[in-house]
Amino acid sequence: MAKIINGEIGQFVPWYDTDGNEINVSDGGIIYVDGVYHWYGMQLRDLPARGGGQGGQTTLTGVAMYASTDLEHWRYEGIILSCVNEPGHELCGPMRFERPKIIYNAKTKKFVLWYHYVGYPGDHGFTEGTAEAGVAVCDTVNGAYQWQGHCRPIDEKGLVRDNTVYQDRDGSAYYIYDRQVGDDRCLHIVKLSEDYLSFTKEYRRLDVAFWREAAAVVYRNGYYYMITSDLTSWAFNQAKYFRAKALFGPWEDMGDPCVGDEDQKTFHSQTTFIFKVEGRDDLYIHMAERHNTESFLHCSYIWLPIDFHDDDTLSLTYQKEWTI
Ligand code: GAL
């Protein structure tokens with residue numbers, strides 16, 4: 001039984017690892033392997049949000065991982081995808097491995113990590129080499145991931161902003177991202193190759209998800225659900241979710257999933273990932289982050305169970321604390 005403490009809306013509640021250090025895994029996800037949950041994300045710095053590579057929203061170290069069998073006690077496993085701090089190197093910090101997501105490829109027996117690559121100095125850019133999709137690969141879930149490079153899905157025109165990855169029940173996998181071409185920003189879904197290391201030519205623009213980001217997808221009972229945020233940088237905003245019978249759509253706009261959310265700011269958080277609690281029929285956790293723009297080391301994690309309803313809708317209700 002794990003106790004989840006989200007705190008008051010607006011409060012930053014630190015979560016600690018088994019060494020007593022604050023857990024620091026920004027905008028990542030969870031992958032369950034052989035009885036162990038692995039929680040990973042970008043390791044941020046004790047600094048406010050600032051440009052010029054000086055901000056806490058960038059990393060000098062890379063993507064960190066923690067492990068737990070009960071979702072409450074998290075052991076630090078170290079950096080799994082490391083910055084290379086040699087000037088001029090593509091992984092030289094400060095940079096961003098934003099919104100990293102890991103999936104396992106059963107055919108190649110590799111763990112594949114995709115992320116939104118923001119090269120040095122880690123401020124969102126528009127030029128080649130920034131705003132791309134990056135990929136790394138490893139034989140074990142918590143080993144040293146080997147960087148495989150970065151590129152833009154679909155074509156070079158479309159900058160990559162927030163991304164996620166979704167693995168379907170048939171083993172196919174999809175890269176979902178906020179594609180920016182000038183002022184046009186819209187979520188797109190691109191099918192990955194069989195080894196998950198590159199993009200196929202199959203993709204869809206999800207017109208209904210215009211001007212949305214921070215997507216997370218879950219499948220249940222015949223429907224795919226995608227929870228997203230509005231596009232207001234670090235400022236909290238209203239969530240909205242979509243529903244579809246197939247990943248390539250059509251997707252329906254289902255409105256705000258948050259119930260009793262007085263100022264309509266997703267309980268002061270932004271979606272990061274959805275995962276299923278193993279051994280529980282219907283328990284899916286919506287992971288979100290309360291970004292702390294005064295110090296990114298002290299962001300806090302907001303975990304809520306998703307309520308699914310008989311009419312194939314879903315909702316989120318805030319709980320200051322609850323037990324899994
Ligand atoms: C957020 C987005 C983050 C990051 C930030 C600004 O809205 O979800 O991933 O891009 O804006 O840098």
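Excluded from the calculations below are hydrogen atoms, water molecules and symmetry mates; all remaining heavy atoms, backbone and side chain alike, are included. Note that ligands are numbered from 1 as they come in the structure, with each ligand's atoms numbered from 1 the same way. Since the structure is predicted, the reported quantities are computational estimates derived from the model, not experimental observations. FYI, the numbering just counts along the sequence from 1.
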Q: Tell me whether Asp183 at atom CG has more than 12 heavy atoms from other residues, nucleotides or ligands lying less than 6.0 Å away.
A: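 No, the 6.0 Å shell around CG holds no more than 12 heavy atoms from other groups.
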
Q: Under a single-linkage rule joining Ile, Leu, Val, Met, Phe, Trp and Tyr whose side-chain heavy atoms are separated by less than 4.5 Å, which residues share a cluster with Val137?
A: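 Val137 clusters with Ile103, Val112, Trp114, Val135, Ile154, Val160, Val165, Tyr175, Tyr177, Val190, Leu192, Tyr196, Leu197, Phe199, Tyr203.
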
Q: Measure the spacing between NE2 of His150 and OH of Tyr117 and express it to the nearest 0.5 Å.
A: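 If I round to the nearest 0.5 Å, the distance is 4.0 Å.
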
Q: Any idea which residues sit under 4.0 Å from ligand 1, heavy-atom distances?
A: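 Lining ligand 1 at under 4.0 Å, by heavy atoms, one finds Arg96, Glu98, Arg99, His124, Asp162, Glu213, Ser233, Trp234, Gln270.
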
Q: Taking the inter-plane angle between the rings of Tyr301 and Trp15 on a 0 to 90° scale, is it parallel (under 30°), tilted (30 to 60°) or perpendicular (over 60°)?
A: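 Plane angle over 60°, so perpendicular.
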
Q: Looking at residues at least two apart in the chain, or sitting in another chain, which of them share a salt bridge (Lys or Arg N to Asp or Glu O under 4.0 Å) with Asp207?
A: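 Partners of Asp207 by the salt bridge (Lys or Arg N to Asp or Glu O under 4.0 Å) criterion, ordered by chain and then number, come out as Arg205.
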
Q: Rest of the hydrophobic cluster containing Tyr219 (Ile/Leu/Val/Met/Phe/Trp/Tyr, side-chain heavy atoms under 4.5 Å)?
A: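 Once heavy-atom contacts under 4.5 Å are chained together, Tyr219 belongs with Tyr166, Tyr174, Ile176, Leu187, Ile189, Leu206, Val208, Val217, Tyr224, Met226, Phe242, Leu247, Phe248, Trp251.
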
